[in-house]
Amino acid sequence: MTSRYFADLDKYCESDVVIVGAGSCGLSAAWTLATSRPDLKIAIVEANVSIGGGCFLGGQLFSAMVMRKPAHIFLQDLGIEYEDEGDYVVVKHAALFITTLCAKVLALPNVKLFNATAVEDLITRRDASGEVRVAGVVTNWTLVTMHHHDQSCMDPNTINAHVVLSTTGHDGPFGAFCVKRSAEIGLLEKRTGMNGLDMNLAEDAIVKGTREILPGLVVGGMELAEVDGCNRMGPTFGAMALSGVKAAESILQVYDVRKEQNESSY
């Protein structure tokens, strides 16, 4: 176990893409990206021991998962059965969706998950023009991160990457981390925060807003609410999956440019 773990850590300390957050958006992005570009080396960093984010229940301890169309196309790709209710579909248990997605992603040869691992900072580089871009993440084991306040200095590790995708959810102890950190160091304007619940507006806004918000940093899922002030969504997960798909597409749009920039600065 030890030798294999540290071999993986050594192998993925230089990755093509780092995905921060292994919830429904991050895993959907990983599946789309890794299957369309099997040549890319993709590291997933998840602060929790378990992966899947808030996706094991449909909401308020209910089991069924509601997904607005056209997210049903993604379910078809994964081979997950659903009930068609017109404008939306229902998976009989949210755990069926997320465990199926987890299993398929983790079986891919070009993806490695580092769970119980927290992102503590962003790696940034400044070009000759003065433009700052994100070029990786600073990591530590989550239990170490949680005890910086009561232990002596415990230095972190790093993962370099050409593009970072952050899907850490709305604001919380580990939520919206990359957006919050970008604002702290002056790369983004002060966050607007999430607005009140409007499921229809929220889903459309999240999917359409998924993009590279800073050079080298793509943001998807509810973390976008901390950038754009999107509405709270509620227990509907279609936008999370589709935001992941769009995040993968956004990564591919900028990947070659960011790779060239990083390699020229080494």
Side-chain angles (χ1 to χ4, degrees), residues 19-31 44-106 113 115-118 142-143 145-146 166-177 179-180 193-207 210 220-226 229-245 247:
I19 298 175
V20 186
S24 51
C25 181
L27 292 175
S28 297
W31 169 255
I44 305 175
V45 180
E46 169 56 52
N48 284 308
V49 173
S50 61
I51 61 176
C55 208
F56 278 97
L57 291 169
Q60 199 169 313
L61 304 183
F62 302 152
S63 58
M65 170 178 275
V66 175
M67 301 181 79
R68 286 178 62 193
K69 292 181 177 179
H72 68 294
I73 298 173
F74 189 69
L75 294 176
Q76 293 170 6
D77 291 340
L78 294 175
I80 298 175
E81 294 183 357
Y82 56 82
E83 299 175 29
D84 195 323
E85 297 291 347
D87 293 334
Y88 63 93
V89 299
V90 180
V91 179
K92 66 179 180 180
H93 202 296
L96 174 63
F97 167 74
I98 198 62
T99 55
T100 301
L101 179 57
C102 288
K104 288 183 176 291
V105 168
L106 296 184
L113 167 72
N115 55 321
T117 304
T142 302
L143 289 176
T145 299
M146 293 172 64
S166 191
T167 63
T168 63
H170 53 70
D171 200 356
F174 289 102
F177 177 82
V179 167
K180 291 189 290 188
M194 183 168 55
N195 282 319
L197 189 146
D198 188 321
M199 196 171 291
N200 293 326
L201 286 178
E203 289 216 298
D204 291 342
I206 292 297
V207 177
T210 299
M222 286 310 297
E223 187 166 359
L224 272 172
E226 306 302 326
C230 306
N231 293 88
R232 186 184 182 97
M233 185 175 297
T236 175
F237 290 88
M240 295 297 96
L242 295 182
S243 178
V245 173

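Here the side chain of Thr168 pairs no donor or acceptor atom with the backbone of Gly175 at under 3.5 angstrom. Although no hydrogens or angles enter the test, the distance criterion places a donor-acceptor pair under 3.5 Å between the side chain of Asn115 and the main chain of Val49.
Within the structure, no pair that satisfies the salt bridge (charged side-chain N to carboxylate O under 4.0 Å, His left out) test touches residues 94-103, not counting sequence neighbours. A side chain to side chain donor-acceptor pair (under 3.5 Å) check over residues 95-104, counting only residues at least two apart or in different chains, returns nothing.
For the pair Pro235/Phe62, no side-chain contact is recorded, criterion being any heavy-atom separation below 4.5 Å from C-beta on.
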All N/O donor-acceptor pairs, side-chain side in residues 84-97, below 3.5 Å, sequence neighbours left out:
from: Asp84; atom 1: OD1; to: Lys69; atom 2: NZ; distance (Å): 3.0
from: Asp84; atom 1: OD1; to: Gly86; atom 2: N; distance (Å): 2.9
from: Asp84; atom 1: OD2; to: Lys69; atom 2: NZ; distance (Å): 3.0
from: His93; atom 1: ND1; to: Ala95; atom 2: N; distance (Å): 3.0

Result block: side-chain N/O donor-acceptor pairs under 3.5 angstrom for residues 70-82, not counting sequence neighbours:
from: Gln76; atom 1: NE2; to: Tyr82; atom 2: OH; distance (Å): 2.7

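With sequence neighbours left out, Val207 forms a side chain to side chain contact (heavy atoms under 4.5 Å, CB included) with Ala239, Leu242. In this structure, the side chain to side chain contact (heavy atoms under 4.5 Å, CB included) partners of Asp198, at least two apart in sequence or on a different chain, are Asn200, Leu201, Asn231. Every residue two or more places apart in sequence or in another chain that forms a side chain to side chain contact (heavy atoms under 4.5 Å, CB included) with Ala247 is listed here: Ala29, Leu165, Thr210, Val218. Residues passing the side-chain hydrogen bond (donor to acceptor under 3.5 Å, both in side chains) test with Thr167, sequence neighbours excluded: none. Among residues two or more places apart in sequence or in another chain, the side chain to side chain contact (heavy atoms under 4.5 Å, CB included) test is passed with Ala22 by Leu27, Ile44, Glu46, Ile51, Leu113. Asp204 is linked by a salt bridge (charged side-chain N to carboxylate O under 4.0 Å, His left out) to Arg68, counting only residues two or more places apart in sequence or in another chain.
Between Ala205 and Cys230, the shortest heavy-atom contact is CB-SG, 4.0 Å. Taking both residues in full, the closest heavy atoms of Ile206 and Gly221 are given as CD1-O, 3.5 Å, listed atom of the first, atom of the second, then distance. Closest heavy-atom contact between Gly234 and Met199: CA-CE, 4.1 Å.
The structure places OG of Ser63 at 10.5 Å from CE of Met65, a figure rounded to the nearest 0.5 Å. Rounded to the nearest 0.5 Å, atoms CE (Met233) and CG (Leu197) are 9.5 Å apart. Here the CZ atom belonging to Phe56 is positioned 10.5 Å from the OG atom belonging to Ser24, to the nearest 0.5 angstrom.
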**Prompt:** When you look at Met240 and Met222, which way does the side chain to side chain contact (heavy atoms under 4.5 Å, CB included) test go after all the steps?
**Reply:** CA-CA 8 Å; Met240 295 297 96; Met222 286 310 297; 4.0 Å; yes
